[in-house]
Asks: 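My questions will all concern the structure given below.
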Amino acid sequence: MGTHRENADAQAAGAAAGAVREPDWERVRGDFPVLHRLVRGRPLVYFDNAATTQKPAIVIRTECEYYGTCTANVHRAIHFMAEEATRRYEAVRAAAARFVDAPGAASTVVTRGTTEAINLVARGWAIPRLKPGDRILVTGMEHHSNLVPWQMAARATGAELRSIPVDDAGELDLRRLPELLGNRTRLLALTHVSNVLGTVNPVRQLADAAHAAGAAVLVDAAQSVAHMPVSMAALGADFLAFSGHKMCGPTGVGFLCARPERLEEMEPVFGGGEMIARVEETESTWAEIPHRFEAGTPNIAGVIGMGAAFEVFSELGMDAVQRRDAMLTRVALEQLAAVPGLRIVGAAPDRIGVVAFALEDAHPHDVAQLLDRDGIAIRAGHMCAQPLLRRFGHAALNRASLAFYNRPEEFDVLAESLVRARRALAGGRE
Amino acid sequence: MGTHRENADAQAAGAAAGAVREPDWERVRGDFPVLHRLVRGRPLVYFDNAATTQKPAIVIRTECEYYGTCTANVHRAIHFMAEEATRRYEAVRAAAARFVDAPGAASTVVTRGTTEAINLVARGWAIPRLKPGDRILVTGMEHHSNLVPWQMAARATGAELRSIPVDDAGELDLRRLPELLGNRTRLLALTHVSNVLGTVNPVRQLADAAHAAGAAVLVDAAQSVAHMPVSMAALGADFLAFSGHKMCGPTGVGFLCARPERLEEMEPVFGGGEMIARVEETESTWAEIPHRFEAGTPNIAGVIGMGAAFEVFSELGMDAVQRRDAMLTRVALEQLAAVPGLRIVGAAPDRIGVVAFALEDAHPHDVAQLLDRDGIAIRAGHMCAQPLLRRFGHAALNRASLAFYNRPEEFDVLAESLVRARRALAGGRE
Amino acid sequence: MYSPSRWSARGGPSPVDANDLYQEVLLDHFRHPRNHGTLADGEVLADEENPNCGDRIRLAVRLAPDGTVADIRFDGRGCAISTASASIMTAHARGRPAGELSDLADRFSAMMRAEIPFEEGGVEDLAALAGVRSFPLRVKCATMAWHALKKALARAAEKPFSGRS
Amino acid sequence: MYSPSRWSARGGPSPVDANDLYQEVLLDHFRHPRNHGTLADGEVLADEENPNCGDRIRLAVRLAPDGTVADIRFDGRGCAISTASASIMTAHARGRPAGELSDLADRFSAMMRAEIPFEEGGVEDLAALAGVRSFPLRVKCATMAWHALKKALARAAEKPFSGRS
Ligand SMILES: Cc1ncc(COP(=O)(O)O)c(C=O)c1O
Ligand SMILES: Cc1ncc(COP(=O)(O)O)c(C=O)c1O
């Protein structure tokens, strides 16, 4: 443990410079099957972690194990495999609540992902209670998944949708916050960390202000959960949404954690099996929370696999993950800043390793495509944040986003490939 | 091939008594890892297939392969693994459309399951267009997932919810159909096959009547897809919903197939990434169908694994599966009818191997629990069909439901265990 | 229906064989339930139902002036577990102080959810229900009668037992 | 955005190396696009945008009395693929009959979606775009200019080209 250069770096970066024992990151990396593959003949360099992360073998194995040993539906059946499946499924609900320090399993809803979690709140909580003239407040750096549902809610209710602006550094400009909150804001919905700029928002400060103004607070934690300790209690959130697949878990799994009283206020959006108590011919009564919000057979295998992902993070320790992230982010910013013609978008001091950039005279799609032939996976496009990109004068950008299993050396490969890509596109014009 | 007793039976039962070559069902069964396990020291006898089916190794492997070789998000990224993932993901959408003879991939929406598929139609198609006095027509044998969403839609719009009654044999009583359809019915939502009685409904006849009355038709095919050839075109459905996990596929995957013009009429229910074209600060435009209905990261691994399930069924051939089902159903009905004190609920001649029953003086929960100690998994409870159970005077029933991989001999084990269970509960009273 | 905490309880009991569930003692209570008989609507103080399985218990309780249970009877329909649990509960309740029973009902529910260790605590035949803890789906069957007891005791304190009406 | 049929096309081309995508011919069209220049709003007959990447093409077309393309120019912003495609397309279009070009635009889109085999069909440098078929996400980049062409030709038949206004 702790013999690699990056670990030494990370320890230096760590707040408590004392005797922090870091995970053996090379060994950790070894547990991710995909990271050993070649892409177009070159070792894969995966920097699209903000889109989805790779999965460790234990997660894949746990999912297979469910299929191979106790495939059964959950909750309803009295037989051994169904009991086993239900036990494992519900244990993950509890693990999710613990992982983000949420009030508890009983107010944690299993969803397909962050997007569904947010939409459940929009349809089940906001639409039934918002009135014309009420306000929903978001920020200028939201992912479409935390913006479009509020546009829909505003349109359905006559509420007003306002947005906290983003400054040139990529931080929230809070100078007009009191005015933006006003006295009719019913909900503040904001991202913990920007999926484009990497900015960590001062959620607690905003949540306190929102609560003081009588608004509830929804936090989109999709980008933070894999990079730092997240405490719903410390953030002061009423609702917190995140996705499993962005934190080494299976696809098709996410969670909506809520304060129980908020969840009790929420109406079911989907009706069907599992979510009912009594069904008459023309009307029904609902099951208790959180089951009321989980109509139909859930993604049982995915949820059970997700349990292994929570364990992976718990064993690494979120503080260690955060230190690793800080070290890698520093390397990323250094290396990218040194690429000629490259401009990083977003300069918040409090940030994670999600780095958006533009390469002069090179279209982001061409850049990504040219990097791909070097086995490097980065993102190109609007990153599901069109308003934010427009704010910075772009229709598309490139983005490199890291995970704890990335190696510092991979940023050398990235930087070199970017230099080559620019040269290839510029050709004689350079 | 074709040497087992059951195959011979099946061939006799087959319509074309000629030279039908049946799959080697014992070998097929061998591909399902769970079916080799012991439960409470006894070989597992799995008769809860209507709740969820077991998965063949190829499905599990295909899902793992995605995680192990090309974990990436779909649609958005320009890099090798993302392209590979997208290619595989979209190929399954096309396979789903082909499997149920739907109009095409472009009007096939990927969902979590049948329940989500139906709710998307309820929220996205029915609620925006129904007016007070309009009518939604269902049947008395709907699963809660095809009833509660229409209750919600009726309540939201002031539409009226009516139900086609079920007769004592467990078939739809169509004598009052014209009156029930009337001239204000906008939607007929009905199940292809009852998940309790096993009854196959005359969908085409009903769909023609509904269309003639100006109504659209939604077919819940959750219980039919694994037992018989299903053709959306032949059924005359505007919408058809089914779940992957009930046909040997992964959990968390389902499909809504639709006629394109119906899907164009539908509004998105969830907003977020993937489903938009242009996002402004306060409003957005939508992507093309079917992507408009798929907000957020989907269950990529599950969908890709589902591709293998479609292949398994295609290779077996749905006609062979149907013959197998008919043979096993016959054995099931014979064996169960011979158990003293057992009453089968549902006597439709056109049926599949889903058999509900009541055991005299024995509570269904006790029956299931006692069978469990013999390694037999059956269902007990309201089967998500409370109105139907009340129609037959029950609050709970038992249900044995089969799949092609069951063996005829397993019904002997079931019948013996039922006899023992009744004796154990009755004790001296018997 | 399903309290997540019940499923996720750490260090809960390990699965036991279903045989443990249907012990002779339990089956005897099921086949010959104590204090069971048809109640008139007027005397019912608590009416609990589990829509999941349709099980139902109705309970009549009369308190003596000293606050002990003078009479208790139940009817309804239920599985072996819920019927036996009601039988064991009513047999124990007769003659006990209402406050003590109400506490016991809480303790019993917590025991069934494996939140506290199982103890017979002087209740005759209660041990026959210990196996239920390993079958989370059946816990509700066992606790239904005790929920009804709590509700009925609270009401009985207000309304004197009217006897058959 | 993504037509499922494009992805699921059976027997589509096997993946080629990205090197094939950025051939010198294509890069030359990107670096030195033919018929490219700033257009006045008044002369724009077609304006296509891909909100996914912000790429945009605006097209001006003037038809001669015999229905052939007398003049064609484009502006906008785009990636190498879309710019090169527009350049190749405009270079070919000049002097050709509108009907023939409209058919060619349909054929080109079908080729890019791998619905029909790829053929250069007498269009100079079109082969430089063949590699795009292996990259479904880039197909839209290649076809955008040709969609604009179809639209512009339809409009041009109605409205005579006004020249710079
Ligand atoms: C900040 C943020 N919010 C929401 C989402 C949506 O998550 P999902 O696609 O898993 O629903 C993402 C990721 O795409 C994200 O980065
Ligand atoms: C007839 C029928 N419809 C709908 C459903 C719901 O399917 P799912 O739970 O996969 O959404 C089921 C199965 O539970 C069913 O049997």
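Residue numbers begin at 1 in each chain, while the letters A, B, ... track the order of the sequences.
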Asks: Would you mind telling me which of K55(A), K246(A), H382(A) has the largest number of heavy-atom pairs within less than 4.5 Å of chain B?
Replies: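 Looking at each option in turn, the highest pair count goes to K55(A).
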Asks: With the side chain counted from C-beta on, respond yes when N398(A) and R379(A) share a heavy-atom pair under 4.5 Å apart, and no when they do not.
Replies: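 Side chain of N398(A) against side chain of R379(A), heavy atoms only: no contact under 4.5 Å found.
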Asks: Counting heavy-atom pairs under 4.5 Å to chain B, which of E142(A), R162(A), R390(A) comes out on top?
Replies: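 Ranked by contacts with chain B, first place is R390(A).
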Asks: Quick one: which of H143(A), H36(A), E116(A) has the most heavy-atom pairs under 4.5 Å with chain B, could you say?
Replies: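 With the most close heavy-atom pairs to chain B, the winner is E116(A).
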Asks: Does the pair D31(B) and Y405(B) meet the rule for a side-chain hydrogen bond (donor to acceptor under 3.5 Å, both in side chains), with working shown?
Replies: CA-CA 9 Å; D31(B) 291 335; Y405(B) 46 65; over 6 Å; no
Asks: Which heavy atom in P56(B) sits nearest to a heavy atom in C248(B), and how many Å separate them?
Replies: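 Heavy atoms of P56(B) and C248(B) come nearest at CD-O, 3.5 Å.
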Asks: Where on L44(B) is there a heavy atom nearer than 4.5 Å to chain A: the side chain, the backbone, both, or neither?
Replies: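 The answer is the side chain of L44(B).
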Asks: Using heavy-atom distances under 4.5 Å, tell me whether R61(B) contacts chain A through its side chain, its backbone, both, or neither.
Replies: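 Neither part.
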Asks: Tell me which of these, L120(B), D48(B), V138(B), V269(B), has more heavy-atom pairs under 4.5 Å with chain A than the rest.
Replies: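 Winner by heavy-atom pair count: V269(B).
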Asks: Below 4.5 Å, heavy-atom pairs only: which of G302(B), A380(B), P298(B) has the largest tally toward chain A?
Replies: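 Option with the top pair count is P298(B).
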Asks: Minimum heavy-atom separation for P128(A) and E267(A), please, with both atom names.
Replies: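 Result for this residue pair: CB-OE2, 3.7 Å.
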Asks: Is it the backbone or the side chain of F32(B) that comes under 4.5 Å from a heavy atom of chain A, or both, or neither?
Replies: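 No part of it gets close to chain A.
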Asks: Under 4.5 Å heavy-atom distance to chain B, tell me which part of A51(A) shows up: side chain, backbone, both or neither.
Replies: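 The answer is both parts of A51(A).
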Asks: Is E63(B) close to chain A through its backbone or its side chain, or both, or neither, when contacts mean heavy atoms under 4.5 Å?
Replies: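 The side chain, not the backbone.
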Asks: Test of understanding: with ring-ring contact (aromatic ring centres under 6.0 Å, His included), list the residues that count as partners of F270(A), not counting sequence neighbours.
Replies: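 Only F270(B) meet the ring-ring contact (aromatic ring centres under 6.0 Å, His included) criterion with F270(A).
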Asks: Pick from G381(A), G254(A), A295(A), G113(A): which one has the most heavy-atom pairs with chain B under 4.5 Å?
Replies: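 Answer, by heavy-atom pair count under 4.5 Å with chain B: A295(A).
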Asks: Might you point out which heavy atoms bring P387(A) and H144(A) nearest each other, and give the distance in Å?
Replies: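 Minimum heavy-atom separation between P387(A) and H144(A): CD-NE2, 4.0 Å.
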Asks: Shorter than 4.5 Å, heavy atoms on both sides: which option in P33(B), A385(B), A377(B) has the most such pairs with chain A?
Replies: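 Heavy-atom pairs under 4.5 Å are most numerous for A377(B).
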Asks: Tell me, side chain or backbone of T114(B) under 4.5 Å from chain A's heavy atoms, or both, or neither?
Replies: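 Answer is neither: T114(B) stays 4.5 Å or more from chain A.
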Asks: Between L35(B), T69(B), L161(B), which residue shows the highest count of heavy-atom pairs closer than 4.5 Å to chain A?
Replies: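 Ranked by heavy-atom pairs under 4.5 Å with chain A, first place is T69(B).
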Asks: Of all of V148(A), T115(A), T251(A), V59(A), which one pairs up most often with chain B through heavy atoms under 4.5 Å apart?
Replies: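 Counting heavy-atom pairs under 4.5 Å, the top option is T251(A).
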Asks: Tell me the closest heavy-atom pair linking V166(A) and M141(A), and the distance in Å.
Replies: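 Here V166(A) and M141(A) meet closest at CG2-N, 3.8 Å.
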Asks: Does some side-chain heavy atom of R399(A) sit less than 4.5 Å from a side-chain heavy atom of N195(A)?
Replies: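 Yes, at least one pair of side-chain atoms sits under 4.5 Å.
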Asks: Using heavy-atom distances under 4.5 Å, tell me whether T282(B) contacts chain A through its side chain, its backbone, both, or neither.
Replies: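 For T282(B), heavy atoms of backbone and side chain both lie under 4.5 Å from chain A.
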Asks: In terms of heavy-atom proximity below 4.5 Å to chain A, should R278(B) be classed as side chain, backbone, both, or neither?
Replies: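 For R278(B), the contact with chain A is made by backbone and side chain together.
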Asks: With a 4.5 angstrom heavy-atom cut-off, could you sort out which part of P364(B) is near chain A: side chain, backbone, both or neither?
Replies: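 Neither part.
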Asks: Any side-chain heavy atom of E274(B) sitting closer than 4.5 Å to one from E294(B)?
Replies: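 No, every pair of side-chain atoms sits at 4.5 Å or beyond.
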Asks: Quick check against the 3.5 Å criterion: does R88(B) have a side-chain atom that pairs as donor or acceptor with the backbone of E83(B)?
Replies: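 No, R88(B) side chain to E83(B) backbone: no donor-acceptor pair under 3.5 Å.
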Asks: Which region of R37(A), side chain (C-beta onward) or backbone (N, CA, C, O), has a non-hydrogen atom less than 4.5 Å from a non-hydrogen atom of chain B, or is it both or neither?
Replies: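 Looking at R37(A), just its side chain touches chain B.
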Asks: Please classify the contact between L147(B) and chain A as side chain, backbone, both or neither, with a heavy-atom cut-off of under 4.5 Å.
Replies: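 Side chain only.
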Asks: Under 4.5 Å, counting heavy-atom pairs only, tell me which of S145(B), G296(B), S243(B) racks up the most with chain A.
Replies: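 Looking at each option in turn, the highest pair count goes to S145(B).
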Asks: Can you find a heavy atom in the side chain of Y46(B) that is under 4.5 Å from one in the side chain of V34(B)?
Replies: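 They are not in contact (no side-chain heavy atoms under 4.5 Å apart), so the answer is no.
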Asks: Can you tell me which of I378(B), N73(B), V279(B) forms the most heavy-atom pairs within a distance under 4.5 Å of chain A?
Replies: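 The candidate making the most pairs under 4.5 Å is V279(B).
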Asks: Only counting residues at least two apart or in another chain, list the ones meeting side chain to side chain donor-acceptor pair (under 3.5 Å) with E281(B).
Replies: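 Once residues adjacent in sequence are excluded, E281(B) has no partner under the side chain to side chain donor-acceptor pair (under 3.5 Å) criterion.
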Asks: What residue in R123(A), H365(A), M275(A) has the most heavy-atom pairs under 4.5 Å with chain B?
Replies: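 Most heavy-atom pairs within the cutoff with chain B belong to R123(A).
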Asks: Are T53(A) and H245(A) side-chain neighbours, meaning at least one heavy-atom pair lies under 4.5 Å?
Replies: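 T53(A) does not reach H245(A) side chain to side chain.
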Asks: Are I78(A) and D372(B) close enough that some pair of their side-chain heavy atoms sits under 4.5 Å apart?
Replies: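 When only atoms from C-beta onward are counted, D372(B) and I78(A) do not touch, as no gap falls below 4.5 Å.
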